[in-house]
Amino acid sequence: MTEHLTEHSPAPADSVPGSGPEPMATVTFLRPAPATVPPMPAEPPTVGPDDRTVVLETARIILDKPTSPAPVVGRVEKVDLDDFDADAPLIPAWMYSAEGWAAWAGVFYRARRRDFRRWVRRQPTQRGHVRQFGRGARRTHEWVVGFEGVRVQSAAHTAHVLTREAKLAARHARFTPRILGSKKELAMKAAEKATKAAEEAVLLHKKAKKDRNRARNLRAGVAYGPPLAAIGTGYAMAGGLGLAAGLLSTFAGGAFVGRKPYDEEADWTSDWRSLGDGDRMTAPMLDQTFRAAKVIGSEETLGVVQMPMLDARGAWTAVLDLPPGVPAKKAIRATDELAAAFGVEEAQVSVAKRGRAGRIELYVSRDLPFTDKAAPGPLLALESPADFWGRISIGPDVRGIHQSISVVERSGLIGGEPGAGKSASGNTILLAAALDPRVILWLADGKGGGDLEPFEHLCERYEGDADPEAFDKMLDELLDVMKARYALLKKLGKRKVTEELANKYPELRQLLLWVDELMLYTTDDEYGKKITRKLRNLVSRGRAAGIITFCATQKPGSDVVDTSLRDLLSIRWALRCTTPEASDTILGKGAAASGYSAKTIQSEMRGAGLLWAEGTNPTMVRADYYTDEQVEELLARATEWRRAAGTLPNGPVSLPDQLRAQGDDEALLLAAVLDVFAAHSTEDGPAEWLPGQLLLDELRTAGHTVTAEKLGALVQRTDEEKAKRPWGEKGSRLAGYPLARVEAAATARFGLTA
């Protein structure tokens, strides 16, 4: 049972007589009720094993200690320490006493001590100020170090390798006997060449180090200059206190830089690093990635021949040696797995064999390739006819290196789904052939959609109606041409057409057969098999005769391109396909399983495809792109160059040319009149009416002897046509001749067609 106790201290000796005992501080607390209140101890209680008991006992002693009031004269006021001040109703009066101030100071001290302990416990965590300062210092240091060290390491590795090769070459040259004259000379040249290459590599290494040091010093001045200035200025101005202030400000700045902790994905100390998350390519990352892709074993490592480095396009490139016994084709087949491990798209990863069976070149682009705007094609810069006997520009690969091919004695197949850029890709070859006046064009448009129509006036033969029967007859004519070419070659004692023979004998000029949308012709019920057989004959036998065949299709299936025909087409260009089987129809069976599948090409990569023309493996290339206006411009140049060379096919003959072919004086005069009308043409065409005096003046200037009577007799007009019309700026009314009347007179007199 507990009870409330109230204690009163005895009155002091110097109190006012008769006033009686004064009440002191009233204390109320809960404790077991003792029989009597224990007397005030002479000494503080000793600390026992129970800290809580000590604290309670100390509080009781402080509260039980009597307070001696100051002597007063006259009436003594009673002070109740339990009373509350009106201005601060929540603070009791005893808080203003010495004991109250001591109690308050103790609470503040204990609170600050708890805060300090909490702050100390917080430091090892991610939010601790020390950890923040550490992260800030690390980030600042890594920013100062930068990425230039990659180039320095690569340059150093190259310099070491070339220096070693130069030493070996010099040793070989020194110990080659002089009696072996040619070998000695070759060895000396090889040694000089190797030495020069080594010296250049050493200079590049020194330059890379110099550039790295310059960049690091600049960044170090920016990062470390302000903190050092703050510390030094503080110490100079205020001594130790200023030094402490400078250090504290530096600590605060570093903690501010590192205030954001690393998350799990971007933590540079985590186990997994990904190029897709912005991490740098390193040798440990390569080992980890190739292990995850099951290219190498868990205990195997890669041999780094060329250190990972960034090129000018922001892509990572490296040359690696696979472990002994692991061929390069295993890494090529695992392109999808490598892309997943790198955290990028499949089209961003390119793996190619480099020099030997176990050495590969790895290329990982920063962004999806071939999605930017295509640069102007190189054919636009031609100022003279192209050379179809030489190499033809195709377009850049994923590394930005321009690729070109030779089509001499070869044939090709281009395929891909609709919208993959087949027509634009084919223009790179068609335009190159059109710009060479020596090339004969035979084109067949299986779509009938007009993609090849701009080339029609340059063609010796053109089938644009998508008619299998007409194309079958066209192939019969071409087979006859092939037989005639072989007959001429046999007569000349030659086995095949060369550039010299083609320039000497126009009958042996290169002939390009271009078949667009092959599916329409080869799948026809009546002519499909015949066309396939004749195409196979042309492709297999026409190469030596100077006949080049290219086929393009939107449905690269085995029912469209028979394997017996496809295997003869040496150039394959697989644009985006919907299935690996469709890609294999173009590139050959097993290409997709070997890592070369056009299905991996994204829809954003228009005009990109796997080109298998030269070398052992296909290459990802985007075709040079030409707009419709640029195609018209190039074809206009081709027309001019072919007309100048005399190889422009015969087309519709204009009425003036028909009149000049008559050789008659009156015909020549009428042709000159029509030329005057053409000279005064507008955007809408030739002038429809001209004054007679203007015609007479320009005809006489051209050297024709003509009078108004002779011209009127040659071109007889009606009374209405003889009526005067306004002409010129002043609007003078003059008599003249309508164009329709001149054309009617010419066609009627000589029996021609306009």
Side-chain angles (χ1 to χ4, degrees), residues 434 437 450 453-462 464-465 629 631-754:
E453 187 175 353
F455 297 85
E456 181 178 2
H457 66 286
L458 304 177
C459 299
E460 293 285 352
R461 297 288 187 277
Y462 181 77
D465 297 329
E629 293 77 13
V631 170
E632 293 178 1
E633 177 186 348
L634 292 175
L635 291 181
R637 297 185 200 174
T639 303
E640 295 177 4
W641 292 338
R642 286 176 178 264
R643 183 180 288 111
T647 58
L648 188 67
N650 296 326
V653 183
S654 62
L655 182 57
D657 291 338
Q658 296 181 50
L659 291 171
R660 279 186 280 268
Q662 297 296 320
D664 186 82
D665 293 340
E666 293 183 350
L668 294 176
L669 182 59
L670 287 173
V673 173
L674 292 174
D675 289 340
V676 175
F677 275 94
H680 289 80
S681 62
T682 61
E683 296 180 356
D684 299 331
E688 296 182 357
W689 181 87
L690 289 177
Q693 189 61 42
L694 176 64
L695 290 173
L696 292 173
D697 292 342
E698 296 200 12
L699 288 173
R700 290 166 183 169
T701 303
H704 295 277
T705 303
V706 62
T707 60
E709 291 77 10
K710 183 178 180 180
L711 183 60
L714 188 62
V715 182
Q716 298 181 2
R717 298 164 293 171
T718 63
D719 294 338
E720 183 180 355
E721 292 171 342
K722 293 179 180 180
K724 295 182 178 182
R725 301 183 185 183
W727 176 261
E729 296 179 357
K730 297 182 180 180
S732 303
R733 301 185 67 81
L734 302 174
Y737 290 82
L739 175 61
R741 176 54 58 189
V742 177
E743 292 178 344
T747 55
R749 181 179 292 272
F750 298 100
L752 304 177
T753 57

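Index from 1, following the sequence.
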Residue pair [X] / [Y]: nearest heavy atoms and the distance that separates them:
X	Y	answer
Arg733	Pro726	NH1-CD, 3.7 Å
Ala638	Ala434	CB-O, 3.3 Å
Ala645	Pro437	CB-CB, 3.8 Å
Leu648	His457	CD1-O, 4.1 Å

Rounded distance [0.5 Å steps], [atom1] in [X] versus [atom2] in [Y]:
X	Y	atom1	atom2	value
His704	Leu695	NE2	CG	12.0 Å
Glu456	Glu453	CD	CD	6.0 Å
Leu655	Phe750	CG	CZ	10.5 Å
Leu714	Asp665	CG	CG	11.0 Å
Trp689	Glu721	CH2	CD	12.0 Å
Leu669	Leu659	CG	CG	10.0 Å

Practice prompt. Kindly write out the residues that satisfy salt bridge (charged side-chain N to carboxylate O under 4.0 Å, His left out) with Asp675, not counting sequence neighbours, or none if the list is empty.
Written response: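 Partners of Asp675 by the salt bridge (charged side-chain N to carboxylate O under 4.0 Å, His left out) criterion, ordered by chain and then number, come out as Arg660.
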
Are any non-hydrogen side-chain atoms of [X] and [Y] less than 4.5 angstrom apart?
X	Y	result
Leu694	Leu734	no
Leu458	Arg642	yes
Thr647	Trp641	no

Worksheet entry | From CA spacing to verdict: side-chain contact (heavy atoms from CB on, under 4.5 Å), Leu690, Tyr737 | CA-CA 6 Å; Leu690 289 177; Tyr737 290 82; over 6 Å; no

Fill in: Residue Gln716 excluded, over 12 heavy atoms near CD under 6.0 Å
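For Gln716, atom CD is not crowded (no more than 12 foreign heavy atoms under 6.0 Å).
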
With a 3.5 Å distance limit and no angle check, can you tell me whether [X] reaches the backbone of [Y] through a side-chain donor-acceptor pair?
X	Y	result
Ser732	Trp727	no
Arg741	Arg717	no
Arg725	Gly736	no

Discussion item. We want to know whether Glu698 and His680 form a side-chain donor-acceptor pair, criterion being a heavy-atom distance below 3.5 angstrom.
Written reply: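 Yes, a side-chain donor-acceptor pair sits under 3.5 Å.
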
Discussion item. Apply side-chain contact (heavy atoms from CB on, under 4.5 Å) to residues Leu711 and Val673 and explain how you reach the verdict.
Written reply: CA-CA 10 Å; Leu711 183 60; Val673 173; 4.2 Å; yes

